[in-house]
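In what follows, every chain begins at residue 1, and chains take the letters A, B, ... in the order their sequences are listed.
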Amino acid sequence: MIRNKGSFIVEELSEYVVFDLETTGLSPEYDEIIEFSACLVINNEIVSRYETLIKPEYGISPFIEELTGIRNDMLEDKPKIDEVLPSIYDFLKDKVLLGHNVHFDLNFLYDAFNKYLNLELNNDYVDLLRLTRKVYPEYKTHRLEFLSKELKTTNKPTHRALNDALTTYEIYELCKRFTKEKSITFSDLFQTSYLTVNDIKSTVNAEEDHILNGEIFVFTGTLEKMDRKSAWELVVKNGGDIADGVSKKVNYLVLGNGDYHQRLKGGKSNKMKKAEDLILKGNDLQIISENVFYDMIYLYDNK
DNA sequence: TCTCCTCGAGATCT
DNA sequence: CTCGAGGAGA
């Protein structure tokens with residue numbers, strides 16, 4: 001089924017509706033909504049709330065009962081989805097919707113609106129998952145539970161719709177404050193920064209010892225311990241230089257893991273082949289592993 | 001040198 | 001779904 005949903009909103013919003021659902025499973029096609037909660041936020045403050053349990057057509061599995069704490073017997077006297085949808089619609093109206101991994105909730109809601117109200121839920125939206133990946137890229141995961149612990153939110157995610165929505169609201173507000181302090185905008189973070197070697201060179205100065213002594217590095221493959229841009233920065237900080245491709249002037253080719261790339265399939269990249277060719281011709285070029293690279297700048301304690 | 005495309009890997013929601 | 005690496009082509 002094609003869903004004609006709204007657009008992702010990048011701007012920092014002060015007015016929106018944050019919401020969350022609990023469902024009987026992960027599939028919008030086969031599973032049902034059992035709880036809906038939403039808060040209207042104006043001027044960064046919650047001004048009203050909506051909360052309801054919903055009786056599904058089929059029962060809740062023990063797994064979901066355990067996960068959410070919502071048991072079948074709690075839903076016996078609760079309204080069915082078609083009975084609550086009109087008031088949910090009134091609450092959402094044309095507001096921008098905020099959620100964590102918002103497409104999950106949006107899809108369930110979209111299908112229900114479509115089925116029972118014959119309406120398209122095409123509100124614009126913000127996805128906190130996508131946003132936090134940009135705002136806190138160093139976090140190892142961006143699950144709501146992890147974010148809540150890391151950022152020490154006062155609201156805790158409990159797999160109940162209201163608590164999860166409140167946590168989502170709190171983290172969104174923290175994201176706005178955090179970027180404001182750093183004088184950057186969300187929009188900056190979503191720029192598809194085609195970061196060139198020259199950008200790095202002009203923004204990063206050699207601030208540490210010139211360990212690398214002007215030697216020129218090229219990277220190939222996926223690095224295990226950092227992304228390529230960080231590695232570039234590291235080289236420049238330590239007094240080295242970077243090139244895009246392998247040529248006679250290059251001193252080191254640093255090998256990441258090439259297994260991931262479909263065209264390589266563990267074979268040699270073009271950069272690798274070219275480097276080997278230059279070495280045979282007697283050029284001052286070495287092919288080194290990622291760990292050897294870190295050893296050169298005394299980073300990590302590699303064996 | 002820069003832009004656009006393809007592909008595979010990995011992540012998140014209940 | 002999003003993201004990044006590499007490659008094709010302008």
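Checked against a 6.0 Å centroid threshold, the rings of F91(A) and F19(A) do not count as neighbours. Separation of the F178(A) and Y136(A) ring centroids falls under the 6.0 Å cut-off.
For the OP1/OP2 pair of dT12(B) and a distance below 4.0 Å, the side-chain nitrogens and oxygens of H100(A) include no atom meeting the criterion. Taking 4.0 angstrom as the limit, K140(A) places none of its side-chain polar atoms (N or O) nearer than this to OP1 or OP2 of dA11(B).
Among the atoms of the strands shown, only primed sugar atoms or phosphate atoms (P, OP1, OP2) are found under 4.0 Å from some heavy atom of T141(A). Nucleic acid contact class of T68(A) (heavy atoms, under 4.0 Å, all strands): sugar-phosphate only. Nucleic acid contact class of D164(A) (heavy atoms, under 4.0 Å, all strands): sugar-phosphate only. If you check every strand for non-hydrogen atoms under 4.0 Å, I34(A) touches nothing. At a threshold of 4.0 angstrom between heavy atoms, the contacts of I64(A) include nucleobase atoms, whether or not backbone atoms are also involved.
When Watson-Crick and G-U wobble pairs are counted only if both distances are under 3.5 Å, dG6(C) pairs with dC5(B).
For the 3.5 Å distance criterion, the side chains of E170(A) and T154(A) qualify, holding a donor opposite an acceptor. Defined by atom type and a distance below 3.5 Å, a donor-acceptor pair is present between the side-chain atoms of T158(A) and N163(A). Counted by atom type alone, S148(A) and T153(A) present one or more donor-acceptor pairs between their side chains at under 3.5 Å.
Put simply, CG on L106(A) is 19 Å from P on dT12(B), counting in whole angstrom units. The nearest whole Å value for the distance from the CG atom in D111(A) to the C1' atom in dT14(B) is 15 Å. The nearest whole Å value for the distance from the CG atom in D105(A) to the C1' atom in dT14(B) is 9 Å.
Near DNA chain B, defined here as any heavy-atom distance below 4.0 Å, the residues from residues 55-63 of chain A are F63(A), listed numerically.
Nearest to the side chain of H142(A), among dC13(B), dT12(B), dT14(B), sits dT12(B).
Applying the side chain to side chain donor-acceptor pair (under 3.5 Å) rule to pairs touching residues 81-98 of chain A yields Y50(A)-S87(A), sequence neighbours excluded.
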Give every donor-acceptor pair under 3.5 Å between a side-chain atom in residues 110-122 of chain A and any protein atom, sequence neighbours left out.
unit_1: Y110(A); atom_1: OH; unit_2: N4(A); atom_2: N; d: 2.8
unit_1: D111(A); atom_1: OD1; unit_2: R3(A); atom_2: NE; d: 2.8
unit_1: D111(A); atom_1: OD2; unit_2: R3(A); atom_2: NH2; d: 2.9
unit_1: E120(A); atom_1: OE1; unit_2: N4(A); atom_2: ND2; d: 3.2

